[in-house]
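Here's the structure, in structure tokens; my notes come after.
For clarity, every value in this text was computed on a predicted model and none was experimentally measured. Counting starts at 1 for both ligands and their atoms, in listed order.
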Amino acid sequence: MRVFSGVQPTGNIHLGNYLGALKQFVELQEEGDCIYCIVDMHAITLPQDAKQLRESILDVAALYMAVGIDPKRSIVFVQSEVSGHAELGWILACNSYTGELSRMTQFKQKSKERESAPTGLFVYPVLMAADILLYDTDVVPVGNDQKQHIELTRDIALRINNTYGETFVVPDGRFLKTGARVMALDDPTSKMSKSAENAHSRISLTDDPAKIKKSIMKATTDSEGSVRFDAAEKPGVSNLLSIYSAMSGKSIPELEKYYEGSGYGAFKKDLVDVVVEGLRPIQERFAEIRGSEQLIRDLKDGAERANAIAEPVLKRVKERFGLGL
Ligand code: ATP
Ligand code: LTN
């Protein structure tokens with residue numbers, strides 16, 4: 001089973017990315033051949049500062065490894081280091097329709113926030129399809145927000161297979177179970193996000209204990225005062241319980257029982273400890289890896305291994321289309 005997924009180097013990885021996506025990435029290493037990409041060409045669909053982008057690429061790469069992705073066992077690489085992504089992206093762009101791309105909710109949402117939308121933002125899902133199809137991928141672990149993009153990838157693959165003969169493996173998405181969607185601490189009705197303005201809305205994997213404490217103690221709850229899970233009536237407390245459970249391995253009923261009769265203060269203080277202690281080993285590994293020469297070597301090696309898989313696939317595609325000599 002081949003597994004492929006990617007994360008954009010657009011900011012600090014937070015608990016949502018970790019519990020929703022990265023934890024799955026680590027687990028899947030037991031089940032298949034995994035390829036994990038840092039999708040820098042997706043990042044430039046919106047303006048980025050060049051210096052900052054370079055730093056973010058290395059941050060995401062080091063965090064991948066700090067949470068437990070093994071660069072020897074899996075392939076970890078930077079998208080722009082393998083030129084096949086852009087090449088296949090073009091071929092797929094010629095086989096997708098402006099109508100279907102106009103229906104993508106991520107595009108509608110992100111373009112709405114701007115005066116004019118870059119063309120790259122419009123064809124973002126086509127490049128994502130190229131990422132996936134370039135490696136004969138079977139399974140793509142992503143958050144629910146990517147469902148529509150995976151569906152489009154399948155449509156494009158099937159369309160080309162029907163017209164040009166068997167060309168692509170048609171991939172399946174692997175989505176999170178319900179509840180694995182981490183919500184913003186300041187507004188539990190919207191998802192925790194890298195790009196939200198309020199830094200206390202999220203906990204980044206690299207946050208120090210003081211910042212974690214402040215964010216959790218400020219987190220929105222309710223006036224009832226009892227620690228119990230009820231996503232509809234008590235979204236704030238329920239979100240904190242989910243985070244607590246995911247970080248500690250304790251079940252939610254177990255936690256409800258433990259905190260019966262105690263207020264939010266004690267519960268939040270313990271949650272601070274659980275998060276701080278849970279992130280500590282990740283942060284220690286991150287500090288070791290981030291500045292190391294080995295990180296760059298691993299990424300170069302990853303790009304070479306990725307390219308070795310991508311090249312024959314691209315050759316196959318070009319043959320089907322009659323491209324080249
Ligand atoms: P932002 O948080 O700014 O919206 P994003 O969703 O664009 O960032 P990516 O780096 O593109 O983040 O996504 C990395 C992975 O994390 C994706 O698989 C995405 O579905 C998942 N993810 C992002 N936010 C959450 C969240 N709050 N809860 C669970 N999974 C999430
Ligand atoms: N669009 C994705 C990031 C992404 C991706 C991919 C995920 C780009 N290419 C290929 C899986 C497979 C996101 O926003 N999370």
Side-chain angles (χ1 to χ4, degrees), residues 2-25 28 34-46 48 56-57 59-61 63-64 67 77-80 82 85-86 88-89 92 104-107 109-110 113 120-121 123-135 137-154 156-157 171-199 201-205 235 239 242-243 246 306 310:
R2 176 152 299 140
V3 177
F4 184 99
S5 197
V7 172
Q8 297 189 69
T10 44
N12 280 331
I13 303 247
H14 52 72
L15 273 184
N17 301 130
Y18 175 56
L19 298 174
L22 293 194
K23 252 181 118 177
Q24 278 203 94
F25 293 5
L28 279 165
C34 300
I35 307 178
Y36 297 124
C37 188
I38 297 127
V39 290
D40 57 345
M41 296 205 295
H42 278 104
I44 61 163
T45 54
L46 291 175
Q48 303 291 334
S56 294
I57 290 171
D59 283 346
V60 173
L63 274 172
Y64 267 167
V67 299
F77 77 106
V78 181
Q79 185 187 33
S80 63
V82 177
H85 292 254
L88 184 58
L92 300 187
M104 295 291 122
T105 51
Q106 183 175 301
F107 172 72
Q109 208 171 4
K110 293 206 171 176
E113 295 158 8
L121 192 64
V123 293
Y124 176 114
V126 174
L127 181 60
M128 177 163 163
D131 297 342
I132 296 167
L133 299 179
L134 190 56
Y135 297 94
T137 301
D138 300 299
V139 172
V140 188
V142 276
N144 278 324
D145 56 326
Q146 296 301 310
K147 219 170 218 168
Q148 206 184 18
H149 289 163
I150 303 291
E151 219 29 66
L152 178 78
T153 302
R154 291 171 54 87
I156 295 173
D172 283 306
R174 182 171 153 138
F175 303 102
L176 308 157
K177 294 167 210 82
T178 41
R181 186 176 157 88
V182 179
M183 308 310 280
L185 297 179
D186 61 339
D187 169 18
T189 58
S190 63
K191 73 162 197 157
M192 187 177 282
S193 156
K194 281 190 283 201
S195 39
E197 216 160 287
N198 180 5
S201 69
R202 63 185 160 262
I203 293 171
S204 296
L205 296 196
N239 187 41
S242 302
I243 295 173

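Atoms of ligand 1 lying under 4.0 Å from at least one heavy atom of Val142, given by number and element, are 18 (O). Taking a cut-off of under 4.0 Å to the non-hydrogen atoms of His14, the atoms of ligand 1 that pass are 2 (O), 24 (N). Within the listing of ligand 1, atoms 29 (C), 30 (N) sit less than 4.0 angstrom from a heavy atom of Gly20. For ligand 1, the atoms closer than 4.0 angstrom to any heavy atom of Ala21 are 15 (C), 16 (O), 18 (O).
Contacts of Ser193 with ligand 1, taken as heavy-atom pairs under 4.0 Å, involve both backbone and side chain. Residue Asp145 touches ligand 1 through its side chain alone, judged by heavy-atom distances below 4.0 Å. Neither the backbone nor the side chain of Met183 comes within 4.0 Å of ligand 1, counting heavy atoms alone.
Among the atoms of Met192, some N or O lies under 3.5 angstrom from an N or O of ligand 1. At a 3.5 angstrom cut-off on N or O pairs, Gly16 counts as close to ligand 1. Distances between N or O atoms of Arg181 and those of ligand 1 include no value under 3.5 Å. Between Asn144 and ligand 1, no pair of N/O atoms sits closer than 3.5 Å.
A donor and an acceptor atom, one from each side chain of Gln148 and Thr105, are located under 3.5 Å apart. Side-chain contact, Tyr18 with Gln24: no donor N or O sits under 3.5 Å from an acceptor N or O.
Minimum heavy-atom separation, Lys191 to Asp145: NZ-OD2, 3.5 Å.
The structure places CG of Leu15 at 14.0 Å from CE of Met183, a figure rounded to the nearest 0.5 Å.
Within 4.0 Å of ligand 2, counting heavy atoms only, the contacting residues are Phe4, Ser5, Gly6, Gln8, Val39, His42, Tyr124, Met128, Asp131, Ile132, Val140, Val142, Gln146.
Every residue two or more places apart in sequence or in another chain that forms a side chain to side chain contact (heavy atoms under 4.5 Å, CB included) with Ser80 is listed here: Asp40, Met41, Val78.
Of the candidates Asn239, Ile13, Asn17, it is Asn17 that places a heavy atom closest to atom 13 (O) of ligand 1.
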